[in-house]
Amino acid sequence: MAASQDFQDFIDEVLERNDIVEVISEYAKLKRVGSRYAALCPLHNDKKSPSLSISPDKQLFHCFGCGAGGNVIHFIMGIENLDFMDALKYLADRAHLPMPERGSPADRKKREELSDKKQRIYQINAEAARYFFRNLAGDKGKAAYAYLRERGIQNAAIKMFGLGYAPEGWTSLLDYLRDKGFREHEVFEAGLAKARDNGTYYDAFYDGRVMFPIINVQGSIIGFGGRIMTEKSNTGKYLNTPETLVFKKKENLFGLNLAKNDKSGKLLLMEGYMDVISLHQAGIGNAVASLGTAFTPEQARLLKKYAGKAVLCYDADQAGRKAAVRAGAILTEHD
């Protein structure tokens with residue numbers, strides 16, 4: 001009971017330290033109307049009269065257009081597409097409040113160790129993304145950059161998606177990350193290195209690939225996809241980071257970190273990374289793609305969380321039609 005009360009006290013402190021007017025003003029232009037504030041609701045496609053009402057004294061909001069309402073946590077859940085705990089952490093971080101640990105000391109220690117490992121992988125992925133991005137802009141990445149431009153990808157889209165290049169070489173990335181203070185086994189745990197039988201490591205993307213960072217809805221890089229630049233018989237055209245503590249292919253969608261903010265109420269499900277990038281570049285911001293695997297029930301649940309409707313935009317060949325029928329059945333099962 002005491003632990004439950006402590007956690008409720010923490011929630012109350014988060015609410016107290018995050019004024020709802022200040023938070024919503026970061027997403028919408030507010031207008032004072034008597035003792036309240038009004039705004040065009042950023043939670044739906046509100047373009048005419050302000051339908052969002054905010055009560056500073058009660059620290060509550062309500063939208064007469066889409067029906068959303070509640071406290072600042074509920075607002076962040078809606079605007080950032082987060083569940084309750086993630087929204088609570090988002091606001092706790094904003095107020096520089098550490099999240100309380102729950103459970104036995106042993107459980108807390110295990111959670112802390114797991115959290116530390118995950119944070120380390122996020123850091124490695126972020127540093128690797130910077131390395132790949134710089135390579136694309138340099139001499140090593142000339143062929144990769146030319147390939148992207150031939151596919152119609154402009155510089156703005158390259159920056160938007162953080163595209164990069166992994167040059168050929170057994171330890172190029174490992175050497176770079178070692179210089180940044182990361183250990184080889186940590187790079188291995190992040191899925192960016194492979195292990196030899198003799199205990200040494202080499203780059204997972206060693207054969208020259210255009211790199212596509214895979215970013216979750218919280219904005220963290222969880223993995224990478226790589227497209228080979230020179231056709232080789234012993235490797236696939238596309239290669240993804242293997243599953244790690246932070247990366248589960250069947251539970252994520254490429255481009256959802258951007259598409260989640262679309263207010264159209266539907267998401268376009270494409271076949272590949274390049275399709276998604278091309279559409280976003282053309283101003284169609286609700287395109288996503290599965291990560292080199294068949295569409296899964298987990299991805300259907302993820303789509304449903306962010307949109308009420310999915311539009312399948314697969315290739316018209318036999319494989320594409322077959323995949324569309326299969327994905328359609330999964331989507332139908334999940335309403």
Side-chain angles (χ1 to χ4, degrees), residues 1-103 108 111-112 115 118-119 122 215-220 222 246 252 256-265 267 285-286 301-308:
M1 184 68 182
S4 176
Q5 184 57 50
D6 287 345
F7 194 67
Q8 184 57 53
D9 290 343
F10 173 74
I11 293 172
D12 292 342
E13 187 174 2
V14 168
L15 292 171
E16 190 177 321
R17 298 273 289 273
N18 286 277
D19 180 75
I20 196 166
V21 174
E22 286 182 17
V23 172
I24 295 180
S25 71
E26 294 172 10
Y27 298 89
K29 188 176 180 180
L30 307 187
K31 183 181 178 183
R32 185 98 195 196
V33 182
S35 62
R36 294 172 171 263
Y37 287 88
L40 294 172
C41 180
L43 297 171
H44 74 286
N45 202 17
D46 189 4
K47 291 179 180 175
K48 295 180 181 177
S49 59
S51 56
L52 187 74
S53 175
I54 306 154
S55 170
D57 54 337
K58 294 180 181 176
Q59 287 291 298
L60 295 172
F61 79 97
H62 179 74
C63 176
F64 297 97
C66 64
N71 60 31
V72 69
I73 298 174
H74 299 120
F75 177 79
I76 288 297
M77 287 171 69
I79 196 73
E80 295 290 345
N81 287 307
L82 301 174
D83 62 23
F84 181 85
M85 290 302 293
D86 283 339
L88 183 65
K89 185 177 187 311
Y90 181 99
L91 290 167
D93 289 344
R94 185 180 181 275
H96 307 293
L97 291 170
M99 288 285 284
E101 295 295 340
R102 307 173 82 183
R108 289 201 298 272
R111 278 204 304 273
E112 283 172 9
S115 177
K118 286 182 176 180
Q119 288 306 314
Y122 289 136
I215 303 171
N216 65 13
V217 291
Q218 285 80 32
S220 298
I222 56 176
V246 304
N252 290 281
L256 187 59
N257 60 304
L258 299 172
K260 73 182 177 73
N261 299 316
D262 184 79
K263 303 300 180 189
S264 66
L267 288 170
N286 57 341
R301 284 193 285 273
L302 193 58
L303 278 172
K304 190 178 178 183
K305 184 177 178 182
Y306 295 103

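Gly70 approaches Ile20 most closely through the heavy-atom pair O-CD1, 4.1 Å. The nearest pair of heavy atoms linking Gly69 to His74 is O-CB, 3.8 Å. Taking every heavy atom of both residues into account, Gly265 and Ala307 meet most closely at O-CB, 3.6 Å. Here the closest non-hydrogen pair linking Arg94 and Arg17 is NH1-O, 4.5 Å. Nearest heavy-atom pair, Cys63 versus Cys66, reported as atom, atom and distance to 0.1 Å: SG-N, 3.3 Å.
The residue from Val23, Val72, Leu43 that alone fulfils the side-chain contact (heavy atoms from CB on, under 4.5 Å) condition with Phe61 is Leu43. Tested against Ile76 for a side-chain contact (heavy atoms from CB on, under 4.5 Å), the candidates Leu82, Asn81, Asp86, Leu88 yield a single pass: Leu82.
Side-chain contact between Leu256 and Leu302 is present, with heavy atoms from C-beta onward closer than 4.5 Å. Between Tyr37 and Lys31 there is no side-chain heavy-atom pair separated by less than 4.5 Å. The side-chain heavy atoms of Tyr90 and Val14, taken from C-beta on, include no pair separated by under 4.5 Å. The shortest distance between side-chain heavy atoms of Pro42 and Leu52 falls below 4.5 Å. Met85 has its side chain within reach of Met99: a pair of non-hydrogen atoms, C-beta onward, lies under 4.5 Å apart. Proximity of Gln59 to Leu15: side-chain heavy atoms (C-beta onward) are nowhere separated by under 4.5 Å. Between Ile73 and Leu91, some side-chain heavy-atom pair lies under the 4.5 Å cut-off. Side chains of Asp83 and Met77 form no contact here, defined as non-hydrogen atoms less than 4.5 Å apart.
Between the side chain of Asp9 and the main chain of Asp12, no donor-acceptor pair closer than 3.5 Å is present.
Interatomic distance, Lys260 NZ to Asn286 CG, rounded to the nearest 0.5 Å: 14.5 Å. Rounded to the nearest 0.5 angstrom, Leu30 CG and Glu22 CD are separated by 10.5 Å. Taken to the nearest 0.5 Å, the CG atom of Leu97 stands 5.0 Å off from the CD atom of Glu13. To the nearest 0.5 Å, atoms NZ (Lys118) and CD1 (Ile222) are separated by 11.5 Å. Atoms OG and CD1, on Ser35 and Ile54 in that order, are 12.0 Å from each other to the nearest 0.5 Å.
Ser55 and Arg36 are not linked by any side-chain donor-acceptor pair at a separation below 3.5 angstrom, with hydrogens and angles left out of the test.
Aromatic ring centres of Tyr27 and Phe75 lie closer together than 6.0 Å.
The environment of Glu16 atom CD is sparse: at most 12 non-hydrogen atoms of other residues, nucleotides or ligands sit within 6.0 angstrom.
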